[in-house]
Amino acid sequence: MRCRWKLSGRGPRPPPCRAFSLTAQESMNWVLCVFLQIRSSEEGLVYTQSLACTFGDACCWWVGPWHAIVCIFHPTCIKPVLFAPAAIAPKDEFFYSFLKPWLGDGLLLSSGDKWSRHRRMLTPAFHFNILKPYMKIFNESVNIMHAKWQCLASEGSARLDMFEHISLMTLDSLQKCVFSFDSHCQEKPSEYIAAILELSALVSKRHHETLLHLDFLYYLTPDGRRFRRACRLVHDFTDAVIQERRRTLPSQGVDDFLQAKAKSKTLDFIDVLLLSKDEDGKELSDEDIRAEADTFMFEGHDTTASGLSWVLYHLAKHPEYQERCRREVQELLKDREPKEIEWDDLAQLPFLTMCVKESLRLHPPVPVISRHVTQDIVVPDGRVIPKGVICLISVLGTHHNPTVWPDPEVLPAPSRLPHPPFLSISRLLEEGAGF
Ligand code: HEM
């Protein structure tokens, strides 16, 4: 909204952005550019690809006379931004603000010291020993989804919306991993899961309704009221689990609690959050725990559902790859009963792994992320991203940039996977976490 007003404003032309020059035509197009980039439509994808082809590493749009947006789609320019300390390139609030009433100050939306402290406290949640037992949960959830598909196929259904089914499966898995709660949401309606799906859809819809970016207007609309109601429901659920867990923790004592959990071999995310302490021995508040748990439910379900749906799409379009993946899995499981993938198997599926990576390259579930640059950042060739600009890091543009991948639109022959060089933006994100 702020940007739209600036665009129509008349005023003195700003000094040229020192880093990236701009022609009048690009300037006129900026609304379209940003709008299309946020939209996950076919046009948005094609537009982003064309930007990378035209500009190579970055381009810049002036938003009215004062504001510039720099869009980057090359690793050499992305690195200095992602590796800058969190205070120099914090997340840009405009792009994430609609999630705030739902996700609060969880890792995705927090910044500064709070983000650094929580990031350190949550690192143990990603330890292999915590993640390994979740494989059982993933297998169970996927088996439920497969059984549904078999049933639909036997009834003669020729079409189904994969993304819908896979989203329910990822939410089912997450609810079990985060809260140890089984809502059977894949088999019957669950109010809580329906609320998360509704919140995700409402946030995405609001991005395209510029007038409703204003809170006071949005909350007067039926969508705004639905958003408030769904937020309340989700928060109530998370609060209830935290309260219940807090009640059992003191009576049991931390050691007994951990021992009991060690027997069942599953420490869920709420446990990790309740047990984590910072360097000064300070625990997370209930509000912090709720924000982190809600953030994981959101961040974890949509991304993985989108990623998996695209993998299935690509395998369906390329039967020769599908066949090689199938043979690889069948070979691995041939002498095994029950036929379930275990943690250590993941390293034994190189071809399937390459197909997943290639699919994530072609259709990254998070196509763009944004940062607000608070101090000049110098890129390797000496150009400067000046203080005050918003940086859009186009994951999609980078993955389709012909100066990074020759023939980025062509899927290499199975014998030539992975498509060199496979660059994972998520690795850059991890390495450049700035904490
Ligand atoms: C294919 C799957 C996934 C993709 C492509 C993905 C992608 C991303 C990206 C690009 C960001 C950076 C956002 C930014 O810095 O502006 C991010 C952050 C985050 N993701 Fe994911 N994600 C995936 C799966 C998950 C899962 C399964 C979880 C949790 C269960 C998760 C939790 C988070 C959290 C908590 C953050 C914020 C981290 C921070 O700022 O410190 N993600 N993700």
Side-chain angles (χ1 to χ4, degrees), residues 38 40 72 78 81-86 89-97 99 102-123 125-127 130-131 134-135 137-138 141 163 166-167 169-179 196 200 268-270 272-273 288-312 353 356-373 390-399 423-435:
I38 295 167
S40 32
I72 321 178
I78 292 175
V81 179
L82 287 183
F83 278 56
K91 287 171 191 156
D92 174 53
E93 286 182 4
F94 174 75
F95 278 85
Y96 292 120
S97 59
L99 290 164
W102 170 18
L103 305 184
D105 259 348
L107 274 185
L108 188 64
L109 304 186
S110 60
S111 54
D113 288 346
K114 184 166 195 175
W115 175 81
S116 308
R117 175 174 172 261
H118 285 205
R119 184 80 197 216
R120 282 196 300 274
M121 288 171 85
L122 264 61
T123 303
F126 296 98
H127 193 278
I130 304 268
L131 297 179
Y134 293 165
M135 287 298 285
I137 293 176
F138 300 153
S141 300
F163 184 66
I166 296 174
S167 295
M169 183 276 290
T170 56
L171 280 164
D172 194 12
S173 305
L174 276 161
Q175 207 179 5
K176 291 167 184 162
C177 297
V178 174
F179 301 109
I196 293 190
S200 311
D268 67 25
F269 189 49
I270 294 285
V272 174
L273 293 169
D288 288 340
I289 293 178
R290 182 177 85 188
E292 298 303 352
D294 289 346
T295 298
F296 266 53
M297 286 301 296
F298 164 68
E299 243 297 324
H301 91 270
D302 203 48
T303 45
T304 42
S306 161
L308 285 169
S309 302
W310 280 113
V311 171
L312 293 182
T353 305
V356 171
K357 287 182 174 178
E358 186 63 6
S359 175
L360 286 171
R361 179 184 74 80
L362 286 167
H363 291 99
V366 181
V368 63
I369 60 173
S370 67
R371 293 290 185 268
H372 179 221
V373 175
I390 290 174
C391 248
L392 293 182
I393 296 169
S394 175
V395 180
L396 183 82
T398 308
H399 287 185
L423 168 123
S424 155
I425 292 276
S426 50
R427 256 197 61 208
L428 280 185
L429 277 163
E430 269 165 37
E431 287 172 18
F435 69 101

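All ligand and atom numbering here is 1-based and tracks the order in the structure.
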So is Gly307 in contact with ligand 1, going by heavy-atom distances below 4.0 Å?
-> no
Check whether any side-chain heavy atom of Leu362 sits under 4.5 Å from a side-chain heavy atom of His399, and report yes or no.
-> no
Using heavy-atom distances, let me know which of Thr303, Leu103, Leu174, Ile369 sits nearest atom 24 (C) of ligand 1.
-> Thr303
Heavy-atom contacts with Arg119 under 4.0 Å: which atoms of ligand 1 show up? List them by number with element.
-> 38 (C), 39 (C), 41 (O)
Within the 4.0 Å heavy-atom cut-off, what Lys91 brings close to ligand 1 is side chain
Which class fits the ring pair Phe298 and Trp102: parallel under 30°, tilted 30 to 60°, perpendicular over 60°?
-> perpendicular
Out of Tyr96, Phe126, Phe296, Phe298, the nearest non-hydrogen contact to atom 16 (O) of ligand 1 is supplied by Tyr96
Is there side-chain contact between Leu82 and Arg371, with at least one heavy-atom pair below 4.5 Å?
-> yes
Taking distance alone, with no angle check, do Ser370 and ligand 1 share an N/O pair under 3.5 Å?
-> no
Sequence neighbours excluded, which residues qualify as side chain to side chain contact (heavy atoms under 4.5 Å, CB included) partners of Ser111?
-> none
Going by the order shown, which atoms of ligand 1 are within less than 4.0 Å of some heavy atom of Val366?
-> 7 (C), 10 (C)
Does a side-chain heavy-atom distance below 4.5 Å link Lys91 with Leu109?
-> no
Looking at ligand 1, does any of its N/O atoms fall within less than 3.5 Å of an N/O of Trp115?
-> yes
Would you call Arg371 a ligand 1 contact, heavy-atom distance under 4.0 Å?
-> yes
Would one find an N or O of Thr304, backbone or side chain, under 3.5 Å from an N or O of ligand 1?
-> no
Grab the two heavy atoms, one from Ala89 and one from Ala84, that are nearest each other, plus how far apart they are.
-> CB-CB, 4.1 Å
For atom 21 (Fe) of ligand 1, find the closest N/O/S atom on Glu299 and give its atom name.
-> OE1
Would you say Ser306's side chain and Asp302's backbone share a donor-acceptor pair under 3.5 angstrom?
-> no
Partners of His301 by side-chain hydrogen bond (donor to acceptor under 3.5 Å, both in side chains), sequence neighbours excluded?
-> none
